[in-house]
Structure formats: C-alpha cells, structure tokens
Amino acid sequence: MGYWLIKSEPEVYSIDDLAREKIALWDGVRNYQARNYLRAMGVGDLAFFYHSSTQPPGIVGLCQVVETGLPDPTQFDPDSPYFDPRSDPQNPRWWTVRVAFVEKFQRPLTLHQLRAHFSPSELPALRRGNRLSVMPLEPEVAERIGRLARTP
DNA sequence: GCCAACGTTGGC
DNA sequence: GCCAACGTTGGC
C-alpha cells in the first residue's frame with residue numbers, strides 16, 4: 001500500500017468539502033510529475049490532505065484512493081479553468097484518481113509542527129520552493145504523521 | 001537543444 | 001503584497 005500527500009487550497013477544495021461529498025475526483029492537476037504520481041497510485045492507498053495558501057498551512061486529514069486511471073475530464077471542458085486545448089481525447093494528457101474521505105483531524109498538523117518533526121529529505125513538502133501538489137511518502141513517515149496528527 | 005522571459009505556487 | 005523557486009514557453 002502506498003502513502004501520499006496531496007495539496008489543495010481550501011478556498012478551492014477543502015477537507016470539509018470532501019467530508020461533505022465523501023468522494024471526489026482529484027481533478028485540475030497540471031504538472032507532469034504530479035500527474036505521474038497520480039498514475040502510480042493504487043486503490044487502497046492512503047493520502048494525507050494538505051491545505052496550502054491558508055493560515056496555518058498543514059495536514060488536515062486523511063483520504064483513501066478508491067479508483068485509479070481516470071482521465072481528468074476538465075482537460076476537455078472549454079469552460080473549465082483546467083481546460084487543455086492541446087490534450088487529445090484519444091490520448092489524454094492528464095489523469096487522476098478518485099478519493100474517499102477517511103477522517104478530518106481534530107487539529108491541523110501545521111507546517112510549523114511538521115518542520116519540527118521531519119527533515120526536508122524525509123518530507124519533500126518541506127523542501128524550500130517545493131510546489132509539487134502530489135507527492136509520495138515513505139510508509140514510516142506516513143505512520144509518524146498519522147501518530148502526530150492523533151496526539152492530543 | 002539552449003536559455004531568457006514569463007507565469008504560477010505558496011510561505012511569509 | 002512580496003518574492004524565491006521552479007515549471008513552461010517560444011525564439012533562435
């Protein structure tokens with residue numbers, strides 16, 4: 001089973017949105033490395049949900065991959081901000097997964113806390129200038145994040 | 001294939 | 001609002 005960290009600006013899509021909808025298509029990712037990670041996800045993988053560009057930034061919950069290998073429909077929608085006119089429907093450029101809500105943490109595990117517990121090499125999200133919206137986590141790191149998030 | 005210009009991300 | 005980091009674009 002794989003572990004991931006996925007980022008979203010809560011004003012665009014938040015853990016509360018996912019808690020309400022239960023299941024969501026993780027669309028709108030337009031970065032090749034992030035797309036490659038999305039394609040590498042397997043059903044059952046767990047993904048921590050990170051809120052970026054908010055105060056405080058941090059990990060706010062957990063979700064689970066429930067469906068993989070889905071072309072991102074927004075790439076073909078001219079009305080979508082994620083429309084990509086160069087993507088060929090016969091050979092889609094952007095792929096994604098469906099995720100299901102698992103839990104919202106009682107308190108966010110803030111970026112500040114994450115910096116206190118992890119090195120940038122352990123947790124790529126801490127690396128200066130990192131802008132990747134989907135990234136893999138070592139199982140050991142994921143386990144520690146889960147423990148920290150549930151520590152009162 | 002190089003690289004400068006430009007746009008976006010995201011913490012602060 | 002600023003700005004560092006970094007991906008993408010496009011001219012050559």
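Fair warning: this is a prediction, and the values are worked out from it, not measured in the lab. Letters A, B, ... are given to chains in the order of the sequence lines, protein chains preceding strands, and every chain is numbered from 1.
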### Query
Thinking salt bridges, do Asp72(A) and Arg30(A) make one under a 4.0 Å N-O criterion?
yes

### No-H, no-angle donor-acceptor pair, Arg128(A) side chain to dA5(C) base, under 3.5 Å
no

### Task
Identify whether any heavy atom of Arg127(A) sits under 4.0 Å from a base atom; if not, whether one sits that close to sugar-phosphate; answer base, sugar-phosphate or nothing.
nothing

### Message
Could you tell me how far apart Asn130(A) (CG) and dT9(B) (P) are, to the nearest whole angstrom?
### Response
13 Å

### Query
Roughly, in whole Å, what's the span from CD in Gln33(A) to P in dT9(B)?
16 Å

### Message
Apply side chain to side chain contact (heavy atoms under 4.5 Å, CB included) to residues Tyr37(A) and Tyr32(A) and explain how you reach the verdict.
### Response
CA-CA 9 Å; Tyr37(A) 285 139; Tyr32(A) 286 103; over 6 Å; no

### Query
To the nearest Å, how far apart are Asp84(A) CG and dG7(B) P?
18 Å

### Query
For the pair made of CG in Asn31(A) and C1' in dT9(B), what is the distance, rounded to whole Å?
11 Å

### Task
Please tell me which of the listed nucleotides, dC12(B), dT8(C), dT9(B), lies nearest to the side chain of Tyr32(A)?
dT8(C)

### Query
How close or far is atom P of dG10(B) from atom NE2 of His112(A), stated in whole angstroms?
21 Å

### Message
How many whole angstroms separate atom NZ of Lys7(A) from atom P of dA5(C)?
### Response
15 Å

### Query
Expressed in angstrom and rounded to an integer, what is the separation of Leu126(A) atom CG from dC12(B) atom C1'?
15 Å

#### Entry: Nearest to side-chain heavy atoms of Arg86(A), which nucleotide of dT8(C), dT9(C), dG7(B)
dT9(C)

### Task
Salt-bridge test for Arg150(A) and Glu103(A): reply yes if a basic N is under 4.0 Å from a carboxylate O, no otherwise.
yes

### Query
Is the shortest side-chain N to carboxylate O distance from Arg93(A) to Asp88(A) below 4.0 Å?
no

#### Entry: Whole angstrom value for the distance that separates C1' of dT8(B) from CG of Leu132(A)
14 Å

### Message
Within the 4.0 Å heavy-atom criterion, would you say Ser52(A) contacts the bases, only the backbone, or no part of the nucleic acid?
### Response
sugar-phosphate

